[in-house]
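Remember, it's a predicted structure, so these values are computed and weren't measured experimentally.
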Amino acid sequence: MITVYLKRYNTYMQKKILAAGISLLTICSLTLTAAAENKHPDNAPDIASEYVYLVDTGNGQVIWSLNSEDRMYPASMTKLMTEILAIEALSDKDERIMITPEMAAGLFEANASVAGYQIGDEPTVRDLLYGTALASGAECVNALAIRIDGSVPAFVDHMNRKAEELGMHDTHFVNPTGLHDGDHYSTCRDIETLFSYCYQNEFFRELLGKRTYLSTPVASNPNGIPMESTVWS
């Protein structure tokens, strides 16, 4: 199996990236000749992305690397870290977490993507994880962050410690949502390191492969909130 990590940085793509955080294509029948940094491999498809990291996950060979060590803004790929920390920290996926004003503060003003939960709703941890992965819901991200570490800043410190632990040495997080900040950056290579770690987790793989999800009933939506992947749709 060969996994391609591509990221094109414009407003449209930032809103369309998988909340799991990555613009990802998995290709099972593509043969490419290995190429050095910033070289276009033979038979490679045409792309618009500025950053590429193509790895054979079977043997770890880097097949295509384009600006993969350059700093860039990870946008919603940030949520990969949020998701894996939440999956690891919260074993009871049926635990309910109330949405508070703190969790929703500033999201409308920032034009952030949301899953649709309102203050006072009590979604489950599972609902919040799917709301993060499928709907790129910033309120879901903040709810998980505050539940785990008590505040968003404390959770961001947690994210940066985990990044260092994983060897993501050219990554620095400022928030758990991926909203733009000049000091919030990563590299394509670091994101591959993070994704490879996340993909070892069975629940994360379930999140990644889900096309649709209906949340449990909450006060604002007694029938549940339907969610649909922006990648698979």
Flag side-chain contact, heavy atom, 4.5 Å: Val152 against Ile146: yes
Heavy-atom check, side chain of Arg126 versus side chain of Asp94, under 4.5 Å: yes
Heavy-atom closest pair, residues His158 and Leu85: NE2-CD2, 3.7 Å
Residue pairs, two or more places apart or on separate chains, that pass ring pair (Phe, Tyr, Trp, His ring centres under 6.0 Å) and touch residues 88-127: none
Glu69 and Tyr53: side chain donor to acceptor below 3.5 Å: no
Heavy-atom check, side chain of Lys210 versus side chain of Ser229, under 4.5 Å: no
No-hydrogen, no-angle side-chain donor-acceptor test under 3.5 Å, Asp190 and Thr171: yes
Distance, nearest 0.5 Å, that separates CD of Gln61 from CD1 of Ile63: 5.0 Å
Summary of salt bridge (charged side-chain N to carboxylate O under 4.0 Å, His left out) pairs that have at least one residue in residues 157-166, sequence neighbours excluded: Glu88-Lys162, Lys162-Glu165
Glu202, CD: over 12 other non-hydrogen atoms inside 6.0 angstrom: no
Side-chain heavy-atom pair Leu207, Tyr213 within 4.5 angstrom cut-off: no
Residues in ring-ring contact (aromatic ring centres under 6.0 Å, His included) contact with Tyr197, at least two apart in sequence or another chain: none
Thr124 versus Asp127, side-chain donor and acceptor atoms under 3.5 Å: yes
No-hydrogen, no-angle side-chain donor-acceptor test under 3.5 Å, Ser196 and Gln200: no
Pro176 vs Asn142 side-chain heavy atoms within contact, under 4.5 Å: yes
